[in-house]
Amino acid sequence: DARVTQTPRDKVTEMGQEVTMRCQPILGHNTVFWYRQTMMQGLELLAYFRNRAPLDDSGMPKDRFSAEMPDATLATLKIQPSEPRDSAVYFCASGFELGSPLHFGNGTRLTVT
Amino acid sequence: EDQVTQSPEALRLQEGESSSLNCSYTVSGLRGLFWYRQDPGKGPEFLFTLYSAGEEKEKERLKATLTKKESFLHITAPKPEDSATYLCAVRGGATNKLIFGTGTLLAVQP
């Protein structure tokens, strides 16, 4: 059963440090989405890609967040510098096409102290 | 602005006690309403997609329906393993963003 793989599973870091989260989408999927989940806000869309090209990153704080797809098998989300308010679970999801259902990874739980 | 509202926030049922979860939405030009199930510590798992009013989809004890303003997820004779958070999401408007509601936490007691 094909799955979206996210690493690391958990990350604890101090405020001001750089954080990099990685995602391997399902082979053959050409869309990748990054979401952030908190108890207060639920799932918030941060950015998404189609065929490795960024389509929308309006959900991300531009000054500290960046998302890239260096190749078709890897998507990254970086936070620099990290802040305590960034603490959340970050999910990556992929789909065949923009209208297709998304398949989610199990997330990276980020704690910034 | 596109919006998705789910109710109730939490629901406790006895095993076998059927009920429904609600998802109301505001979107210009619906291009799909999606239901997901999320277990603790896991990512959301896709259940159904509905595209037009009147459409229905079924899977085991779950049945999803869609009107022009809302969707219902009906759970018939639930079992404890149906306990999870159920998320509704819509795609529409001028973008391809998938906007999620905050979910309904379902607990089914044996």
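The chains referred to below are lettered A, B, ... by the order of the sequence lines, with proteins before strands, and numbering in each begins at 1.
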Chain A contact via Leu98(B) - side chain, backbone, both or neither, heavy atoms under 4.5 Å: both
Segment of Leu98(A) engaging chain B (4.5 angstrom heavy-atom cut-off): both
NZ/NE/NH1/NH2 to OD/OE distance under 4.0 Å, Glu15(B) and Lys79(B): no
Tyr36(B) versus chain A, the contacting section by heavy-atom distance below 4.5 Å: side chain
Passing candidate, ring pair (Phe, Tyr, Trp, His ring centres under 6.0 Å) with Tyr35(A), options Phe104(A), Phe91(A), Tyr48(A): Phe104(A)
Part of Gln37(A) lying under 4.5 Å from any heavy atom of chain B: side chain
More than 12 heavy atoms of other groups within 6.0 Å of Glu14(A) CD: no
Which portion of Arg50(A) sits near chain B, non-hydrogen atoms under 4.5 angstrom: neither
Atom group of Thr38(A) that falls short of 4.5 Å from chain B, counting heavy atoms: neither
Where at least one partner belongs to residues 38-77 of chain A, residue pairs that pass disulfide (SG to SG under 2.5 Å), sequence neighbours excluded: none
Atom CZ of Arg109(A) with >12 non-hydrogen neighbours under 6.0 angstrom: no
Best-contacting candidate, Gly107(A), Pro101(A), Gly42(A), against chain B by heavy atom pairs under 4.5 angstrom: Pro101(A)
Full working for salt bridge (charged side-chain N to carboxylate O under 4.0 Å, His left out) between Glu44(A) and Arg36(A): CA-CA 5 Å; Glu44(A) 300 174 277; Arg36(A) 174 171 63 184; 3.5 Å; yes
Verdict with reasoning, Tyr86(B) to Cys23(B), per side-chain contact (heavy atoms from CB on, under 4.5 Å): CA-CA 10 Å; Tyr86(B) 289 86; Cys23(B) 170; over 6 Å; no
Which portion of Leu102(A) sits near chain B, non-hydrogen atoms under 4.5 angstrom: both
Under 4.5 Å from a heavy atom of chain A, the part of Gln38(B) involved: side chain
